[in-house]
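Below: one structure, written as structure tokens.
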Amino acid sequence: MNNASIAQLCEDIAVFLELKDDNPFRIRAYLNAARNIRGLPEDIAAIASRGELTKIPGIGADLKLKVEEFLSSGSLKFHKVLLDKTPRVLVEMLKIQGMGPKTANLIYKKYRPKSLADLEKLVLAHKLRKLPGIREKTEQNILETLNFLKQHRERTLLSKALPLSRQVILELKKLPQVDQIAYAGSLRRMQETVRDIDILVTSKNPTPIMKAFVGLGGVQKVLAHGETKSSVISREGIQIDLRVVSPDSFGAALLYFTGSKAHNIKLRTMAKKKGLKINEYGLFKEGSERRIAGKTEEEIYRALGLDWISPELREDYGEVEASAKHRLPCLVERADIRGDFHTHSNWSDGLHKIEEMVEAARKRKLSYMVLTDHSQSLKVANGLSRKRILAQIATIKKLNRKFKDFTLLAGSEVDILQDGSLDFDDDILKRLDFVIASVHTGFKQSKAQITKRILRAMENKHVHAIGHPTGRLLGEREAYEVDLEQIFKAAEETNTALEINSQPTRLDLNDVHARQARDVGVALVVDTDSHAMDQFENLEYGIATARRAWCEAKNILNCLTLNELQKRIAK
DNA sequence: GCCGTTTTCGGCCCGACTGTTTTCAGTCG
């Protein structure tokens, strides 16, 4: 797909323009275009070939030409010129907390540092405080952020940020001044990674709350400590922002801090057209102090003629328009999920016994589970030989007699070998209730090779689903170069489901891909890929991804009852 | 650079905090 590359180019251009002190609205236009291109439901090349580029929001006459230039030549002159003109170190400097284009340029013009290391030397030699507007405090902040950047460069996984935010909320709830409290931001939208944690409190007496917050045990550094807004860095290196508002503003503040920015801008623009103004305190008539709405999110959406929109959808990817027409999807919920198709036991690389895994699944209110230990060639995971899988099938049959309101199904996470053949022959596969086929080797194959390989696996009538279809590991490994459009088409034709793997480092398919699959009618499965009892909890992240992909229960195969499922998977 | 039911030019979301200034620019979300 070209989408990610072009979006990145636009984002780069925005940074270069910012450093040039260019028109801020022009900069925003590039960022807006980048965001919309990233979220496109298909390859932008296909849209270009239909001559529909300017139908993409944020793409006008100029960006149309730039996109076409990239599609035909593989590069963009405008980008290249800016790249050549912009010193690398300036881009690096923008990553420093509190350092914007003005300050970065000021320092650069005077001292011409070549790297962040050079900048650090300047700070230590107290050179910067000779510049206008920079004194001791600014130097100190730069130094601290430089040290911080050395340690933490990545965004934080949802699975790390969510428990931390819940912990902070638990702590703050102990304060008598705290009324309502909730986390907001990208965390509430359940993005796979987050940059920081936003927490919102209502109170009539914020001062003691702020004091307690910046003094929490896990706080490493206080970035800001104000009357209504404070920011800290936690011991784990995650920034946490706390805002306190009055109860009358809770909904408005929640809406504002949940974002996304693009969603908020859309709402504010809508409000403005109606002669209204939205800020974090409420919805107002333009030029008036009287609050029309603000206590709850629902009342603000309603005042704009909209249905309430789930946070997971708030990306300005069509949710506002759908809401205006009262056509928002009825998103899948945890309670809709009845089974798990992807689990491991200590027969292969899992930690716990089959019975223990069943117990854990049952505790989470699931009514069936497929045991999918690895297949024979995956030696590192103690994959099951032909003999052992036959023994496991027999064991499962025996165990099942003991369960009352739970069904354990026999399955396999069968490896898709380098040539697309499967790691068990059909004679084994046909004895299994559910087969999930996955790629675990040969990630470096060419796009054509790996796509062909997966397509071949999908054509096997015993394969019910493809596990973690792109193979990415967040922060560790890029996805392999599979052509997803072909995979989606084949999934539909061969009646093969695609997985949304709930492991927090996988979330594969991701939200954008899952939505593309959903849009073309591909069935999805939300699996935990549990290798231990506690990993069933990860279902929360898989469901969040499905919700971000606009999925309803009918799009998800494991929302079916066992009976419905068995009818459905008879290929 | 985009956009249009006040439209093809003149707008473009809105407010808090910091650090350095004595009234505010720069930065952030």
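Values reported hereafter were calculated over all heavy atoms of this structure, with side chains retained and with hydrogens, waters and symmetry mates removed. Chain letters run A, B, ... following the sequence lines, proteins first, then strands; residues in each count from 1.
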Does [X] put a side-chain nitrogen or oxygen below 4.0 Å from OP1 or OP2 of [N]?
X: A/Tyr281; N: B/dC13; answer: no
X: A/Lys66; N: B/dG1; answer: yes
X: A/Lys272; N: B/dG11; answer: no
X: A/Arg135; N: B/dT21; answer: yes
X: A/Ser231; N: B/dC17; answer: no
X: A/Lys277; N: B/dG15; answer: yes
X: A/Arg26; N: B/dG1; answer: yes
X: A/Asn279; N: B/dG15; answer: yes

For [X], report the nucleic acid contact type (base, sugar-phosphate, nothing); a contact means any heavy atom under 4.0 Å.
X: A/Thr103; value: sugar-phosphate
X: A/Ile96; value: sugar-phosphate
X: A/Asp62; value: sugar-phosphate
X: A/Ser230; value: nothing
X: A/Pro101; value: sugar-phosphate
X: A/Ile59; value: sugar-phosphate

Please give, in whole Å, the distance from [N] [atom2] to [X] [atom1]?
X: A/Met93; N: B/dT27; atom1: CE; atom2: P; result: 11 Å
X: A/Asn141; N: B/dG26; atom1: CG; atom2: C1'; result: 13 Å
X: A/Lys55; N: B/dC3; atom1: NZ; atom2: C1'; result: 17 Å
X: A/Phe25; N: B/dG10; atom1: CZ; atom2: C1'; result: 11 Å
X: A/Ile107; N: B/dG26; atom1: CD1; atom2: C1'; result: 13 Å
X: A/Met99; N: B/dA25; atom1: CE; atom2: P; result: 20 Å
X: A/Arg129; N: B/dT20; atom1: CZ; atom2: C1'; result: 14 Å

Q: Would you indicate which nucleotide in B/dG19, B/dC2, B/dC17 comes nearest to any side-chain atom of A/Ala224?
A: B/dC17
Q. Out of B/dA16, B/dG26, B/dC14, which has the shortest distance to the side chain of A/Thr228?
A. B/dA16
Q: With C1' as the reference atom in both, quote the distance from B/dT23 to B/dC17 in angstrom, rounded to an integer.
A: 16 Å
Q: Look at the side chain of A/Asn23 against the base of B/dG1 and say whether a donor-acceptor pair falls under 3.5 Å; ignore hydrogens and angles.
A: yes
